[in-house]
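Here the structure comes first, spelled out in structure tokens, and everything after it is commentary.
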Amino acid sequence: PWWSMGRLSGTLLRGRGLTLMGFLEPSLGFVWGEPIKVRQQKPVDEKYLDEVHAKVAESVKDIFSRYKARFGYADDEILSLVSAADAKKKATSPKANHKKTS
């Protein structure tokens, strides 16, 4: 892939102006975990896809717990992963759409 040819750094410039980032607290940063080996499939086996997703989720949680202090999160902070489908269900549930009437 094109990004591996130049050993692209994970550094993101901070600042105003052309970066459009502004100054954020806590500051932005990048961390990487161990690669997750996968085998390409056509068609994709749903059971295998679920296994890979579980490995990715576990890796993300592990990375968060290892590096959270570096980025200003409290030691007791936890990471919750929510699927897009679950988030959509919650956002469209009657309870979420309930408006107070006076």
Side-chain angles (χ1 to χ4, degrees):
W2 63 269
W3 58 84
S4 66
M5 294 185 329
R7 297 272 184 199
L8 185 64
S9 172
T11 304
L12 183 66
L13 299 174
R14 279 184 54 182
R16 297 183 188 270
L18 297 177
T19 63
L20 303 174
M21 295 297 295
F23 292 102
L24 305 173
E25 289 299 327
S27 62
L28 296 177
F30 292 93
V31 295
W32 281 264
E34 294 294 319
I36 297 173
K37 296 193 185 281
V38 297
R39 63 180 187 273
Q40 292 187 355
Q41 299 176 334
K42 287 191 181 182
V44 177
D45 175 29
E46 290 296 319
K47 184 178 177 186
Y48 179 67
L49 186 60
D50 290 341
E51 290 173 16
V52 172
H53 282 167
K55 288 178 185 177
V56 170
E58 190 60 37
S59 179
V60 169
K61 289 178 183 178
D62 179 56
I63 290 168
F64 179 78
S65 67
R66 281 190 286 152
Y67 294 102
K68 63 184 170 185
R70 181 188 294 182
F71 295 103
Y73 293 97
D75 286 340
D76 61 348
E77 189 99 26
I78 59 170
L79 179 68
S80 297
L81 301 178
V82 180
S83 72
D86 289 344
K88 188 174 182 179
K89 283 180 198 172
K90 185 173 183 175
T92 58
S93 73
K95 191 174 187 179
N97 292 329
H98 179 69
K99 294 181 182 178
K100 286 187 175 182
T101 57
S102 307

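Excluded from the calculations below are hydrogen atoms, water molecules and symmetry mates; all remaining heavy atoms, backbone and side chain alike, are included. By convention here, the first residue in the shown sequence is residue 1. Note that the structure is a prediction, hence the values are computed from the model and not measured.
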Quiz item: Which pairs with one or both residues in residues 33-47 pass salt bridge (charged side-chain N to carboxylate O under 4.0 Å, His left out), sequence neighbours excluded?
Solution: none

Quiz item: If every non-hydrogen atom of Lys68 is compared with every non-hydrogen atom of Glu77, which pair is closest and at what distance?
Solution: NZ-O, 2.8 Å

Quiz item: Of all residues at least two apart in sequence or in a different chain, which pass the side-chain contact (heavy atoms from CB on, under 4.5 Å) check with Val31?
Solution: Ile63, Tyr67, Arg70, Phe71

Only distances under 3.5 Å count here; give the side-chain donor-acceptor pairs of residues 50-60 to other protein atoms, sequence neighbours excluded, each with its distance to 0.1 Å.
none

Self-check item: Transitive ILVMFWY cluster of Val44, excluding itself - 4.5 Å side-chain cut-off
Solution: Leu49

Practice problem: For Asp86, enumerate each residue passing the side-chain contact (heavy atoms from CB on, under 4.5 Å) test, keeping only those at least two apart in sequence or located in another chain. | Solution: Val82, Ser83, Lys89

